[in-house]
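All chains are named by letter (A, B, ...) in the order of the sequence lines, taking the proteins before the strands, and each is independently numbered beginning at 1.
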Amino acid sequence: MIVTRFPPSPTGYLHVGGLRTALYNYLLARQQKGRFILRIEDTDRARYVEGAVENIIETLNWASIDHDEGPDIGGPNGPYTQSERLKIYKEKVQFLVEQGEAYHCFCTAERLTEMRERQQAHKEAPKYDRHCLRLAAEEVAKKLNAGEPSVIRHKVPGGKKVSWKDLVRDEVSFDSDLIDDQVLMKSDGYPTYHLANVIDDHSMEVTHVIRGEEWLSSTPKHILLYEAFGWEIPQFAHLPLLLNKDRSKLSKRQGDVAADDYRKKGYLPEALINFIALLGWHPGGDETQEIFSMEELIEKFSLEKVHKGGAVFDLEKLDWINWQWRRRKFDELPGEYEDKLLNLVENEIPANWRDDAELLKRCLKTVAEKVIKEPSTTVENLSFYFKEKVTIDAQLIANEKMKVDLPLAKNSLEKAFEALSAAPESSFDDEEALKTLLLELVEKLGIKNGQLLWPMRVALTGEQFSPGVFELLWALGKERSLERLKSAAESL
RNA sequence: GCCGCGUUCGUCUAGUGGCCUAGGACACCUCCCUCUCACGGAGGAGAUCACGGGUUCAAAUCCCGUACGCGGUACCA
């Protein structure tokens with residue numbers, strides 16, 4: 001059975017790159033009917049951020065990336081938080097020391113810095129000189145007993161070619177001579193990432209390690225550790241990075257990187273998931289589909305189709321995908337169109353706009369496309385309907401392109417007022433009737449459509465952009481419409 | 001510096017030796033619809049497949065080199 005995992009470090013809120021890594025791990029596990037584990041790697045106490053664990057779990061829930069084992073729900077191979085597994089790491093690393101695969105090191109930070117500087121000055125690769133490996137056993141014991149601060153290093157075997165078949169990058173290989181003796185256990189008693197990650201992946205039965213490209217050069221260190229322990233080595237897959245517009249590694253400076261930011265901005269989880277899934281992966285073939293549900297992603301995902309090159313995190317397409325998803329979800333809502341619409345923007349609407357339910361419904365319907373696309377713009381799109389008094393900007397109503405000047409506008413409004421006054425109340429329930437009526441008026445006056453309709457639209461709304469005149473009349477009703485037309489005509 | 005990885009329209013991508021005078025999507029432009037914006041519809045522009053060599057009858061696809069970018073080189077993950 002396939003077991004994948006997502007092991008974030010709680011040094012900040014879950015960012016979109018992490019979300020994508022989690023997603024790919026999740027997709028593979030679900031598709032192969034395997035297990036997906038969430039593990040918290042909190043071994044860096046200095047960078048721990050309060051609330052990060054909660055945010056990570058919440059965001060994954062929001063995105064519908066759910067795990068089968070994790071710190072919040074437990075599982076057979078817990079605990080799933082590394083700070084609670086310290087005993088396990090101590091025990092395992094002790095085994096390595098006894099096997100001669102690892103050794104205590106008492107070198108101070110100063111000595112290490114000095115050593116590296118010297119090596120760099122001689123144009124050598126900075127690498128630990130194994131000073132403490134030459135210490136006699138009694139001496140090590142003595143220092144340990146004296147409580148001298150120390151770390152445990154992996155005695156990385158030299159002269160080996162470490163290679164593996166990466167599921168994304170194919171054959172990758174490193175020369176073990178270039179690999180430093182990694183610190184496995186820090187002097188504060190916490191393991192380093194390398195140690196904890198290998199031990200946990202093994203004890204949690206992880207079969208596929210799918211992670212970001214930044215881990216590529218750590219992988220040989222991990223493989224060597226698996227070998228030192230005598231454990232089976234899992235499959236590795238290294239994902240391409242997410243990039244800024246300038247193709248540097250995605251960073252906070254150039255925009256929002258926390259998945260939470262997108263959630264707060266009102267993006268649908270389906271849209272964000274859809275978008276990041278396509279950043280570095282595509283089902284391929286003749287497939288021209290762009291909108292994928294989680295179910296479709298699970299069905300179609302494959303590591304072979306993951307790209308090697310990084311992808312720029314460019315929001316323009318996200319906006320479009322979000323719009324597609326909004327429309328899709330709106331269409332799938334049960335009930336009548338008007339009720340769905342009202343439901344959708346329920347929370348956006350001020351209390352005093354609800355007095356006249358019929359009016360509100362009609363108004364909403366005229367701006368349906370816009371509020372479905374962006375519910376947060378509901379108020380801004382509707383506010384002109386609920387204004388006490390519409391103020392007319394003469395410069396706006398006199399429109400050169402529309403061949404409308406002030407006297408003509410005034411005349412059009414007066415004629416429209418007359419014609420609509422004479423119309424029965426019921427024709428205001430019928431957009432077609434209004435259209436016929438007004439187009440007849442246009443013909444009678446011998447003017448162009450715009451010469452009547454443009455001034456009317458401005459009179460009814462006071463706005464430059466708005467729904468069309470027939471819709472406006474229908475939504476406002478006879479009384480309000482006439483009132484606005486009259487007051488506009490008088491103001492000119 | 002050293003090690004490793006990468007490179008197809010502005011962006012996301014299709015492409016696994018002939019179907020490629022390189023396809024799709026977003027963004028952009030034009031037109032249509034039209035009383036404005038948006039929506040919708042129809043078109044357009046946009047990539048000498050990073051560059052240079054090979055291999056081959058044939059290369060975006062295979063090989064070598066170069067450039068550029070990125071990652072790593074921590075008692076960070």
Notebook entry, point to check: Quick one: on RNA chain B, does A/Lys370 or A/Lys249 contact a more 5' nucleotide (nearest heavy atom)?
Noted result: A/Lys370

Checklist line | Residue A/Lys317, side-chain heavy atoms: nucleotide from B/C35, B/G24, B/G10 that is nearest | finding: B/G24

Checklist line | Given B/C75, B/A77, B/U11, the nucleotide with the shortest approach to the side chain of A/Val312 | finding: B/U11

Item checked: Of the listed nucleotides B/C70, B/A25, B/A77, the one nearest the side chain of A/Trp320 -> B/A25

Item checked: ring pair (Phe, Tyr, Trp, His ring centres under 6.0 Å) partners of A/Trp454, counting only residues at least two apart -> none

Notebook entry, point to check: Looking at the side chain of A/Arg247, which of B/C5, B/U11, B/G24 is the nearest nucleotide?
Noted result: B/U11

Notebook entry, point to check: With both distances kept under 3.5 Å, what pairs with B/G4, Watson-Crick or G-U wobble?
Noted result: B/C70

Item checked: From B/C35, B/A25, B/A77, nucleotide with atom closest to A/Ser218 side chain -> B/A77

Next item on the list: Please determine, by modelled atom types, if A/Arg328 and A/Ser293 share a side-chain donor-acceptor pair under 3.5 angstrom.
Entry: no

Item checked: Partner nucleotide, any strand, of B/C39 [Watson-Crick/G-U, under 3.5 Å] -> none

Checklist line | Proximal nucleotide (of B/G72, B/A77, B/U13) relative to the A/His282 side chain | finding: B/U13

Next item on the list: Counting Watson-Crick and G-U wobble pairs only, both distances under 3.5 Å, name the nucleotide matched with B/U61, or none.
Entry: none

Notebook entry, point to check: So, A/Lys186 side chain and A/Thr43 main chain: donor-acceptor pair closer than 3.5 Å or not?
Noted result: yes

Next item on the list: Report yes if a donor N or O on one partner sits less than 3.5 Å from an acceptor N or O on the other, where the partners are the side chain of A/Thr192 and the base of B/C75; otherwise report no.
Entry: no

Item checked: Proximal nucleotide (of B/G24, B/G4, B/U36) relative to the A/Glu290 side chain -> B/G24

Next item on the list: Ignoring the backbone of A/Val172, work out which of B/G4, B/G24, B/C70 is nearest its side chain.
Entry: B/G4

Check: With sugar-phosphate meaning primed atoms plus P, OP1 and OP2, does A/Val469 contact a base, only sugar-phosphate, or nothing at under 4.0 Å between heavy atoms?
Finding: base

